[in-house]
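This report refers to the structure that appears directly beneath it.
Source: prediction; values computed, not measured.
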Amino acid sequence: FACYESFVAFEAYDSIVEQLKKTDMYDLFVNIEMPLVYTLFDMEKRGIKTNKEALKEYSDKLAVRIGELEKSIYEQAGEEFNINSPKQLGVILFEKLNLPFAKKTKTGYSTAASVLEKLVDYHPIINKTLEYRQLAKLKSTYADGLANYIGKDNKIHTKFHQTITATGRISSTDPNLQNIPIRMELARAIRKVFTPEEGFVFIDADYSQIELRVLAHMSGDESLIEAYQHEDDIHKITASKVFHTPLDEVSSLQRSNAKAVNFGIIYGISSFGLGQDLNISRKEAEEYIEQYFKTYPQIKEFLDNLVLEAEDKGYVSTIFGRRRPIPELKSSNFMQRNFGKRVAMNSPIQGTAADIIKIAMNRVNQELKNRKLESRLILQVHDELLIEAKVEELEEVKDILVTEMKNATKLRVPLELGVSIGENWYEVG
DNA sequence: GGCTCCGCTACTCG
DNA sequence: TCACGAGTAGCGGAGCC
């Protein structure tokens, strides 16, 4: 088998190199992806120390609260059923309790969080159910799930995958350490179980809004570029311009709406999607988008051109030449074609950001080795790098990390970082 | 009847 | 259509022995 594997790789080499050169991806392959093979190997090998006892305590604590919620949900439903079954839950909520806004899916009623959130004022069972599901997820996937991966060295060694995603990002499995909770405080606490080894500390650095900065650069939009050169709160600036409000009078609602529009732009804007996200009508969403494009006209032109280019060539590219084919644009299905358009707008942005952090990872990894340091890169979470740094090396390593991330490439806007140092992933995240 | 496989729906993250 | 990109867990139906 080993002979067969190596024979296939050997025989395929010439053909693959030829194809990479033909598609202008050879430099990307040689300068970014090949070195990254070794960087990811080093990260997997090093692993991250994880406190098994703390996970057990956390799991037991969750079990108590889940039990209470379970009891209360059964009482309010008037019977016992499997809360983990969307099918059974749907029948209880929309047939037995007769709650409004029932929406059908393929298999029954939708009990998605976005649906249930509209029902919180109709019945106390709703909030209990939403909390139950969060805690059940927390216990099964994180508290209990992660514990199964802790090895004899008290570490978790995730697998990083280099050839999975359509955009050039890496992914993580067994376990996935790229989706550890952070948004809700109770769930975020699970990050305390991830710690540096004895004599080491964590240094964490994350790019500030790297995708919007990539968009500013690629589109060349003067207004957005200038905004990034003068002010750090880009969502507030956008709100000020889009809603014609002086900067210091922007309300928190206006800012949060502008933020949603910024996200929408990166995802490949659609009035349907924005409307759904903000819970407003499609028409209102259209007005937001129109105002946005009036504020940043070169972004509209850039996104329109990406779609045209994709329709013409059949693919889009990142700054570093990574391609994503988009066959959906040729589909006879309207929804599929619209999906293709959003992909054409999103992939060059998400993919370029992925290329940039990969360059930084390679340089950081190489520099740590060149200088014979014991500190090591241990995790990447799309726009964030986590280093386990020897205490004596802290200042030097921090400097390496910041320098390589900021200077991974030169854009028309600065690449800013958030950096922090701490004794566990909760403190630095 | 018990087993595996897989689609669906839910949750988690950037 | 949980907008773009991912992964995991539980349920429950289909198919197999």
Side-chain angles (χ1 to χ4, degrees), chain A residues 81-90 103-117 129-146 148-149 158-161 164-184 187-188 190-191 206-212 215 260-279 282 285 289 303 316 324 326 328 333-336 338-351 353-354 357 379-385 425 429:
Chain A
F81 65 102
N82 187 347
I83 309 167
N84 293 318
S85 162
K87 193 179 163 194
Q88 293 182 39
L89 179 64
K103 208 172 84 183
K104 282 289 207 174
T105 64
K106 281 172 199 164
T107 48
Y109 301 103
S110 170
T111 64
S114 58
V115 173
L116 297 194
E117 274 157 16
T129 303
L130 287 167
E131 188 185 351
Y132 173 91
R133 287 210 291 221
Q134 287 181 338
L135 298 192
K137 178 70 179 179
L138 205 49
K139 184 170 187 301
S140 67
T141 303
Y142 298 103
D144 299 339
L146 288 173
N148 294 326
Y149 287 97
T158 185
K159 294 173 179 167
F160 286 111
H161 299 268
I164 293 292
T165 71
T167 56
R169 278 188 174 182
I170 58 174
S171 75
S172 156
T173 66
D174 308 305
N176 182 358
L177 291 185
Q178 290 183 319
N179 71 346
I180 302 301
I182 193 165
R183 291 170 194 168
M184 307 294 291
R188 182 182 189 144
I190 203 164
R191 291 181 168 232
D206 68 302
Y207 283 114
S208 160
Q209 294 155 349
I210 187 168
E211 292 185 346
L212 271 183
L215 174 64
V261 177
N262 276 328
F263 270 104
I265 293 289
I266 287 167
Y267 291 157
I269 197 76
S270 79
S271 54
F272 188 96
L274 182 64
Q276 184 132 317
D277 187 52
L278 288 178
N279 227 339
R282 199 188 173 120
I289 295 167
L303 295 176
V316 287
R324 173 169 185 178
I326 313 182
E328 292 89 348
N333 180 300
F334 176 77
M335 298 262 285
Q336 280 291 304
N338 279 341
F339 172 72
K341 289 179 188 175
R342 293 197 297 274
V343 163
M345 296 185 256
N346 171 265
S347 295
I349 301 169
Q350 189 185 123
I357 198 166
L379 292 179
Q380 185 253 45
V381 192
H382 309 306
D383 64 356
E384 165 191 7
L385 295 180
W425 201 9

Nearest to the side chain of A:Asn346, which nucleotide is it out of B:dG14, C:dG7, C:dG5?
C:dG5
Output yes when at least one side-chain N/O atom of A:Lys87 is less than 4.0 Å from OP1 or OP2 of C:dG13, else no.
yes
Whole-Å distance separating the CG atom of A:Asp144 from the C1' atom of C:dT8
13 Å
What I want to check is whether an N or O donor and acceptor connect the side chain of A:Arg342 with the base of C:dG5 at under 3.5 Å.
no
Within the structure shown, what part of the strands sits under 4.0 Å from A:Ala166 by heavy-atom distance: base, sugar-phosphate, or nothing?
sugar-phosphate
If the cut-off is 4.0 Å, is A:Arg183 near the phosphate of B:dG14, judged by side-chain N/O to OP1 or OP2?
yes
Using only modelled atom types and a 3.5 angstrom limit, is any donor from either the side chain of A:Lys137 or the base of C:dT8 paired with an acceptor on the other?
yes
Could you check whether A:Ile349 gets within reach of a base, just the sugar-phosphate, or nothing at all, counting any heavy atom under 4.0 Å?
nothing
Taking any heavy-atom pair under 4.0 Å as a contact, classify A:Gln350: base, sugar-phosphate, or nothing.
base
With the side chain counted from C-beta on, respond yes when A:Tyr267 and A:Asp277 share a heavy-atom pair under 4.5 Å apart, and no when they do not.
no
Any A:Thr111 side-chain nitrogen or oxygen under 4.0 Å from OP1 or OP2 of B:dA10
yes
Would you mind checking if A:Glu211 and A:Arg169 are paired as a salt bridge, meaning a charged N to carboxylate O distance below 4.0 Å?
yes
Of all the choices, C:dA9, C:dG5, B:dG14, which nucleotide is nearest to the side chain of A:Phe339 once you look at every atom?
C:dG5
Within the pair A:Arg324 and C:dG5, is there a side-chain N or O less than 4.0 Å away from OP1 or OP2?
yes
Would you mind telling me which of B:dA10, C:dG5, B:dC11 lies closest to the side-chain atoms of A:Leu130?
B:dC11
Of A:Thr167 and A:Thr173, whose nearest nucleotide on DNA chain C comes first from the 5' end?
A:Thr167
With sugar-phosphate meaning primed atoms plus P, OP1 and OP2, does A:Ala113 contact a base, only sugar-phosphate, or nothing at under 4.0 Å between heavy atoms?
sugar-phosphate
About how many Å separate CD1 of A:Ile265 and CG of A:Leu274, when rounded to the nearest 0.5 Å?
8.5 Å
Name the closest nucleotide to the A:Ala260 side chain, picking from B:dA10, B:dG14, C:dA3.
C:dA3
When we call it a touch if two heavy atoms are under 4.0 Å apart, what does A:Asp174 touch: a base, just sugar-phosphate, or nothing?
sugar-phosphate
Regarding the side chain of A:Ser171, the nearest nucleotide among C:dG5, C:dG7, B:dT12 is C:dG7
What is the distance, to the nearest angstrom, from the CG atom on A:Leu212 to the P atom on B:dG14?
16 Å
Interatomic distance, A:Lys159 NZ vs C:dG7 P [rounded to whole Å]:
13 Å
Please determine if a side-chain N or O atom of A:Ser347 lies less than 4.0 Å away from the OP1 or OP2 oxygen of C:dC4.
no
Within the 4.0 Å heavy-atom criterion, would you say A:Ile164 contacts the bases, only the backbone, or no part of the nucleic acid?
sugar-phosphate
For C:dG12, does OP1 or OP2 lie under 4.0 Å from any side-chain N or O of A:Gln88?
yes
When all nucleic acid strands are considered with a 4.0 Å heavy-atom cut-off, which category describes A:Asn338: base, sugar-phosphate, or nothing?
nothing
Base, sugar-phosphate alone, or nothing: which one does A:Asp277 contact when heavy atoms must sit under 4.0 Å apart?
base
Rounded interatomic separation in angstrom, taking CG from A:Leu215 and C1' from C:dC4:
13 Å
Residue-phosphate contact under 4.0 Å: A:Thr107 side-chain N/O, B:dT9 OP1/OP2
yes
Just call it for A:Met345: base, sugar-phosphate, or nothing, with non-hydrogen atoms closer than 4.0 Å on any strand.
nothing
Nearest-Å distance once atom C1' is located in both C:dA3 and B:dG7:
22 Å
Is any side-chain nitrogen or oxygen of A:Thr105 closer than 4.0 Å to OP1 or OP2 of B:dT9?
yes
Expressed in angstrom and rounded to an integer, what is the separation of A:Arg191 atom CZ from B:dT12 atom P?
13 Å
Rounded interatomic separation in angstrom, taking OH from A:Tyr142 and C1' from C:dG10
15 Å
Quick one: side chain to side chain donor-acceptor pair (under 3.5 Å) partners of A:Tyr109, sequence neighbours excluded?
A:Glu95
Judged by nearest nucleotide, the residue sitting upstream toward the 5' end of DNA chain C, A:Ser85 or A:Tyr267, is A:Tyr267
The side chain of A:Gln134 is closest to which nucleotide in this list: B:dT12, B:dC8, C:dG5?
B:dT12
Which part of the nucleic acid does A:Gly264 contact within heavy-atom distance under 4.0 Å: base, sugar-phosphate only, or nothing?
base
Does A:Asn179 get its side chain close enough to the base of C:dA6, under 3.5 Å, for a donor-acceptor pair?
no
Starting at atom CG of A:Asn176, determine the distance to atom C1' of B:dC11, rounded to an integer number of angstrom.
12 Å
Separation between CD1 of A:Ile289 and CZ of A:Arg282, rounded to the nearest 0.5 Å
9.0 Å
Closest to the side chain of A:Lys106, out of C:dG5, B:dC8, C:dA3, is B:dC8
Mind checking the CG-CG spacing from A:Leu89 to A:Asn82? Nearest 0.5 Å is all I need.
9.5 Å
Whole-Å distance, A:Ile180 CD1 to C:dA9 P, equals 11 Å
From A:Asn148 CG over to A:Asp174 CG, what is the distance, rounded to the nearest 0.5 angstrom?
11.5 Å
Just to be sure I understand the rule, does A:Arg133 reach a base, reach only the sugar-phosphate, or reach nothing, if contact means heavy atoms closer than 4.0 Å?
sugar-phosphate
In a table with atom names and distances, give each donor-acceptor pair under 3.5 Å that connects a side chain of residues 338-349 of chain A to protein atoms at least two apart or in another chain.
{"residue": "A:Asn346", "atom": "OD1", "partner": "A:Gln350", "partner atom": "NE2", "Å": "3.4"}
{"residue": "A:Asn346", "atom": "ND2", "partner": "A:Ile266", "partner atom": "O", "Å": "2.8"}
{"residue": "A:Ser347", "atom": "OG", "partner": "A:Arg324", "partner atom": "NH1", "Å": "3.2"}
{"residue": "A:Ser347", "atom": "OG", "partner": "A:Val343", "partner atom": "O", "Å": "3.0"}

